[in-house]
Asker: 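Okay, here's the structure, questions in a sec.
Note: hydrogens, waters and symmetry copies are ignored here, and every other heavy atom, side chains too, is used. Order of listing sets the numbers, starting from 1, for every ligand and every atom in it. By convention here, the first residue in the shown sequence is residue 1. What you are looking at is a predicted structure, and each value in this text was computed from that prediction instead of being measured.
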Amino acid sequence: MSDEFQEMPEDWSRALAVVAHPDDMEFGAAGAVARWTTAGKSVAYLVASRGEAGIDSMAPEKAAEVREAEQRASAAVVGAAGVEFLDHPDGRIEYSTGLRRELAAAIRRHRPELVLGFCHHDQTSTGRWNSPDHRNTGRALLDAVGDAANRWVFPEDGDPWQGVRYVAMSNSPRPTHAVDISDCVDLAVASLEAHTSYLAAMRPPVTDVRGPLLGLAQATGARFGGRPAIAFELIPR
Ligand SMILES: [Zn+2]
């Protein structure tokens, strides 16, 4: 069928995932990360903010601590190769040359073949208006892949890295590819559940993570041979 998703490329060994907030990976690509790390691939996380504005009932200084710890725990569940934080202000992440520079430096340091991001469009896969943090981080990331490859752009921030072969965005309204997570649903669920304080503080509190995550994976699977899956928009390069 012509509207079936294509298989995400898996002929790579190192990935770097860059998102705006703790939980962006878990509401998006974590099930795919679990599949890939189980297969021996390395996937590192870089999070632009500490998510300090994400809990209405908790002051930002405390929330930053809690959410950082929860993000590290959830990354460990799916075998991610560590989490770094950039300390941009949650809710006020700006698209800037400075952000591009930080992301290009990270790409040069990690030398990924696959770069993963979170939806950079005005609207996400749900049809809702996207958060400016997601848009700005996603768009800066897409630009930083090119910056990282050019030795004359940010020359003081490491040697150029031209080895990025694939760039894929989760939660996109225009997905093109998918990853079968049949064997990783439990890990994806546990990874999201690790955001304990955040989920409990949502209104209403989120008590069932498995239902919605599995529902989404099955809806994606309807265009992927019936296999529960995570969808990505593979950005042509
Ligand atoms: Zn987010």
Asker: What's the shortest heavy-atom distance between A140 and L99, and which atoms?
Answerer: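 Nearest pair, atom of A140 first, then L99: CB-CD2, 3.7 Å.
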Asker: Looking only at side-chain N and O atoms, does Q123 offer a donor or acceptor that is under 3.5 Å from a partner on W129?
Answerer: no
Asker: Would one find more than 12 heavy atoms of other residues, nucleotides or ligands at under 6.0 Å from atom CZ of R139?
Answerer: no
Asker: Return all protein N, O or S atoms below 2.8 Å from the Zn ion (ligand 1), chain by chain in residue order.
Answerer: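 Less than 2.8 Å away from the Zn ion (ligand 1) sit H21 ND1, D24 OD1, H134 NE2.
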Asker: Side chains of D133 and S131: donor-acceptor distance under 3.5 Å anywhere?
Answerer: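 Looking only at side-chain atoms, S131 and D133 do not form any donor-acceptor pair under 3.5 Å.
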Asker: State which residues pass side-chain hydrogen bond (donor to acceptor under 3.5 Å, both in side chains) with E94; sequence neighbours excluded, sorted by chain then number.
Answerer: none
Asker: Just one of H134, R135, E233 clears the side-chain contact (heavy atoms from CB on, under 4.5 Å) bar with H120, so which one?
Answerer: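 One option only clears the test, and that one is E233.
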